[in-house]
Asks: 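I have a structure I would like to understand better, so I am pasting it below and will then ask my questions one at a time.
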Amino acid sequence: ERATEGRARTRDRDGTGSPRDASNPALRRLAEIGADADSSLDEKIQRVLDLGRERLDTDGAFLSLIDEEARTLEFSHTSGTDDLLPPGTVAPMDETYCRETIEGDGVLAVTNATDAGWVGHPAYERWELETYVGAPVTVGGTLEGTLAFVDPEPRDHPFTDDERAFVELASRWIGYELERERRQRELRATSDRLSAVVEASPAAIVALDRDDRVTVWNPAAERIFGWSADEVLGEPFPLALPEDDDHPELFQRALDGETVTAVETQRRTKAGDLVDVSLSIAPYRDADGTIVGTMGAIEDITDRKEAERRLRDRERRLARYKDYTDDVLDAIDDVFYVIDEAGGFQRWNEALLAVTGYADAEIEDMNAWDVFPESHRDRMREAIARVFGGPGSRRIEAPIRTNDGEEISYEFVASTVENPDGATELVGVGRDVTDRKRRQTELERTTNLLEQAQKLARVGGWEYDVDNDEL
């Protein structure tokens, strides 16, 4: 037979791919190693390498792992090759026999590398191994490395089908165990992250089984409700209310597969107090997708509820105060108004509506100067700008033009204030000065008549200021 036996999938006499001799002691020992729950994976791999050396009568054995990016192999586990290949050795892939195994399919066996023409190959030049039998190690469908058994001396007989079968089964077992360990490591990492989130969560995290018994109770649950984890784990859900309790309904909805979010309700504390909470609950499933319980997040919203209550009270007080001030302003005969810097009316009293004849909706769409005759509007725009432009109050007289075209004499006094939003607004009061102007006109007419009479009668007149005692 050729010194290089080539690659072959191990077949039994029926061509099924199973080992021909199921009672092979080495295979039984391989199964025992896999079933050992007390040993770590590293220990199990080491025992498989030792078993393979014994079964195949080779000087050494190793498990190599591929680094595709670097095109290297790391010999993670070794047996009997510490001088040549101590654990952790890294070698370029091109300088290993394993490259031929990786690029091939199935078990690669070499019993006499010199006779097989390996002299001059980089792998032979570096390691000088005459015997090699190896198989690829696949993890989750991905080629991850090789399992190999080696010897610096040539072998005087070929590897049997049973020996090939052992190498292939051992490589498959290692691949399976590596995949399982990887999944367990990922599961532990996920579990650790979840545990960290649960432990650090400011909301109470509570899990219940299908019998409504507590299986998870985080520190926030203890802080909010008073029970420690030791008091509630394995016990019935303690937060249910004695009456008007919505827990059974929400619990059953989650068990039926529904996710319920942001339900505002109350829950009972260990001290018997009621706490306002926001509750979200979802079904909890096992690895098979079967609902085995519920997981809930319970947020203490007592402070928020109290803040909302205070806000509602404040809004009611403000509404009452606004109604009161509106009543006061509406009781004033003078016109009251508030306008913004663009000239739009922001607030007004009933007197403005009564005087102008406009409705609220019409005033809301008007600018302040629109209530004056066209001939006065530029002057009123300038007056409003002066009020916004400087401190103090301003006074001006101008006629209001009503909705039916009548003009009424008014005197306006205005100044600026800052509203609650920080914007500057003009607040003004307008008073009807029609009677005052009429009396002033009559006084001027009477004074003029008196002066004319004095001239006609050739008599003098005098005026005495009582307040100042002046003539």
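As a basis for the values below, the full set of heavy atoms in this structure was taken, side chains included, without hydrogen atoms, waters or symmetry mates.
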Asks: Using modelled atom types only, decide if a donor and an acceptor are shared between the side chain of D94 and the backbone of R99 within a distance under 3.5 Å.
Replies: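 Here the side-chain-to-backbone pair does not exist.
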Asks: When rounded to the nearest 0.5 angstrom, what is the spacing between CD in E32 and NZ in K44?
Replies: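 With rounding to 0.5 Å, CD (E32) is 12.5 Å from NZ (K44).
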Asks: If only atom types and distance count, is the side chain of N367 paired as donor or acceptor with the main-chain N or O of W369 below 3.5 Å?
Replies: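 No, because the side chain of N367 does not come within donor-acceptor range (under 3.5 Å) of the backbone of W369.
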Asks: Hey, are the side chains of V292 and D209 touching, using non-hydrogen atoms and a 4.5 Å cut-off?
Replies: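 No, their side chains stay 4.5 Å or more apart.
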Asks: Do you know the tightest heavy-atom contact between L250 and L279?
Replies: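 Heavy-atom minimum between the residues: CD1-CD2, 3.5 Å.
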Asks: When you look at T89 and F62, which way does the side chain to side chain contact (heavy atoms under 4.5 Å, CB included) test go after all the steps?
Replies: CA-CA 11 Å; T89 299; F62 59 78; over 6 Å; no
Asks: Are more than 12 heavy atoms, taken from residues, nucleotides or ligands other than R185, located less than 6.0 Å from that residue's CZ atom?
Replies: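 Result for CZ/R185: enclosed.
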Asks: Any chance you could measure D323, atom CG, to L318, atom CG, to the nearest 0.5 Å?
Replies: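 Going from CG on D323 over to CG on L318, the span is 11.0 Å.
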Asks: Checking R347 side chain against F336 main chain: does a donor-acceptor pair fall under 3.5 Å?
Replies: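 No.
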Asks: Taking the six-membered ring for Trp, are Y324 and Y321 parallel (under 30°), tilted (30 to 60°) or perpendicular (over 60°)?
Replies: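 The arrangement is tilted - the two ring planes meet at 30° to 60°.
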Asks: I'd like to know if the side chain of S171 reaches the main chain of V137, judged simply by a donor and an acceptor atom lying under 3.5 Å from each other, with no hydrogens or angles considered.
Replies: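 Such a contact is absent between S171 side chain and V137 backbone.
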Asks: Could you tell me whether the side chains of T190 and R193 share a donor-acceptor contact shorter than 3.5 Å?
Replies: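 Result is yes, a qualifying pair exists.
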Asks: Only one of L426, V387, V413 clears side-chain contact (heavy atoms from CB on, under 4.5 Å) with R394; which?
Replies: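 Answer after filtering L426, V387, V413: V387.
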Asks: Check whether any side-chain N or O of D288 sits under 3.5 Å from a backbone N or O of T290 as a donor-acceptor pair, and report yes or no.
Replies: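 Checked: no pair found.
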Asks: Shortest non-hydrogen contact from F237 to V206?
Replies: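 In this case the closest contact between F237 and V206 is CE1-CG1, 4.2 Å.
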Asks: Tell me, yes or no, whether the heavy-atom count around R183 atom CZ, taken from other residues, nucleotides or ligands under 6.0 Å, exceeds 12.
Replies: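 Counting neighbours around CZ of R183, 12 or fewer heavy atoms of other residues, nucleotides or ligands fall under 6.0 Å, so no.
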Asks: Roughly how far, to the nearest 0.5 Å, is the CD atom of E425 from the CD atom of Q346?
Replies: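 Taking CD in Q346 and CD in E425, the distance rounds to 5.5 Å.
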Asks: Side chain of E231, backbone of S228: donor and acceptor closer than 3.5 Å?
Replies: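 Yes, because the side chain of E231 sits within donor-acceptor range (under 3.5 Å) of the backbone of S228.
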Asks: Taking L41 as the fixed residue, which of E181, H77, Q46, R180 is the one that meets the side-chain contact (heavy atoms from CB on, under 4.5 Å) rule?
Replies: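 Exactly one pass, corresponding to E181.
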Asks: Please report the shortest heavy-atom distance between E341 and T424, naming the atom on each side.
Replies: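 What the structure gives for the nearest pair is CG-O, 3.8 Å.
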Asks: Does I400 reach the side chain of F412, with side-chain heavy atoms less than 4.5 Å apart?
Replies: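 Heavy-atom side-chain distance check passes, below 4.5 Å.
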Asks: Taking T215 for its side chain and A207 for its backbone only, find out whether a donor-acceptor pair lies under 3.5 Å.
Replies: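 Answer holds: yes.
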Asks: Tell me if a side-chain donor or acceptor on R377 pairs with a main-chain N or O of F372 at a distance below 3.5 Å.
Replies: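 Present.
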Asks: Are T356 and E362 side-chain neighbours, meaning at least one heavy-atom pair lies under 4.5 Å?
Replies: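 No, every pair of side-chain atoms sits at 4.5 Å or beyond.
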Asks: A quick test of your reading: do over 12 heavy atoms of other residues, nucleotides or ligands sit less than 6.0 Å from OH of Y284?
Replies: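 No.
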Asks: Does the side chain of E144 come within less than 4.5 Å of R182's, by heavy atoms?
Replies: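 Answer yes - side chains close enough.
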Asks: Is the shortest distance from a Lys or Arg side-chain nitrogen in D378 or R381 to a carboxylate oxygen in the other one below 4.0 Å?
Replies: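 Salt bridge between D378 and R381, a charged N being under 4.0 Å from a carboxylate O: yes.
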Asks: Can you find a heavy atom in the side chain of D246 that is under 4.5 Å from one in the side chain of R267?
Replies: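 Yes; the side chains approach each other to less than 4.5 Å.
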Asks: With a 4.0 Å cut-off on N to O distance, would you call R309 and E306 a salt bridge?
Replies: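 A salt bridge is present here (some side-chain N lies under 4.0 Å from a carboxylate O).
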Asks: Verify the neighbour count for atom CZ of F388: are there more than 12 heavy atoms of other residues, nucleotides or ligands below 6.0 Å?
Replies: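 Correct, the count exceeds 12.
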Asks: Minimum heavy-atom separation for A203 and A220, please, with both atom names.
Replies: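 Looking at all heavy atoms of both residues, the shortest contact is O-CB, 3.3 Å.
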Asks: Between atom CG of D212 and atom CD of Q252, what is the distance when rounded to the nearest 0.5 Å?
Replies: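 Reported value, rounded in 0.5 Å steps: 10.0 Å.
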Asks: Any chance you could lay out the side chain to side chain contact (heavy atoms under 4.5 Å, CB included) test for L239 and R268, step after step, and finish with the verdict?
Replies: CA-CA 5 Å; L239 308 182; R268 182 171 60 91; 5.6 Å; no
Asks: Can you name the one residue among E249, R253, H247 that meets side-chain contact (heavy atoms from CB on, under 4.5 Å) with F251?
Replies: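 Of all the options given, the one that passes is H247.
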Asks: May I ask you to test the Y97-T146 pair for a side-chain heavy-atom distance under 4.5 Å?
Replies: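 Answer no - side chains too far apart.
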Asks: For a quick check under 3.5 Å, do D42 and S40 share a side-chain donor-acceptor pair by atom type?
Replies: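 Their side chains do not contain a donor-acceptor pair, so the 3.5 Å distance test is not met.
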Asks: Which pair of heavy atoms, one from V167 and one from A135, lies closest together, and at what distance?
Replies: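 Minimum heavy-atom separation between V167 and A135: CG1-CB, 3.9 Å.
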Asks: Determine whether D300 and F225 make a side-chain contact, defined as any pair of heavy atoms from C-beta on separated by less than 4.5 Å.
Replies: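 They are not in contact (no side-chain heavy atoms under 4.5 Å apart), so the answer is no.
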Asks: Counting only N and O atoms by type, is there a donor-acceptor contact under 3.5 Å from the side chain of R223 to the main-chain atoms of P202?
Replies: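 Checked: pair present.
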Asks: What's the spacing between T269 OG1 and W227 CH2 if we round to 0.5 Å?
Replies: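 The distance works out to 6.5 Å.
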Asks: Would a 4.5 Å heavy-atom cut-off, applied to side chains only, mark T72 and M93 as touching?
Replies: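 The answer is no; the side chains never approach within 4.5 Å.
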Asks: Using only atom types and a distance under 3.5 Å, with no angle test, would you say the side chain of T81 pairs donor to acceptor with the backbone of L84?
Replies: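 No; zero donor-acceptor contacts below 3.5 Å.
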Asks: Start with the C-alpha gap between R310 and D313, add the side-chain angles, then the distance that decides, and say whether salt bridge (charged side-chain N to carboxylate O under 4.0 Å, His left out) holds.
Replies: CA-CA 5 Å; R310 291 196 300 268; D313 289 346; over 6 Å; no
Asks: Would you indicate whether R314, at its atom CZ, is surrounded by more than 12 heavy atoms from other residues, nucleotides or ligands within a distance under 6.0 Å?
Replies: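 It does not: R314 CZ has 12 such atoms or fewer within range.
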Asks: What are the two closest non-hydrogen atoms of R210 and L255, and how far apart are they?
Replies: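 The pair with the smallest heavy-atom distance is NH1-CD2, 4.1 Å.
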Asks: Taking atom CD1 of I66 and atom CD of E74, what is their separation to the nearest 0.5 Å?
Replies: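 Interatomic distance, I66 CD1 to E74 CD, rounded to 0.5 Å: 12.0 Å.
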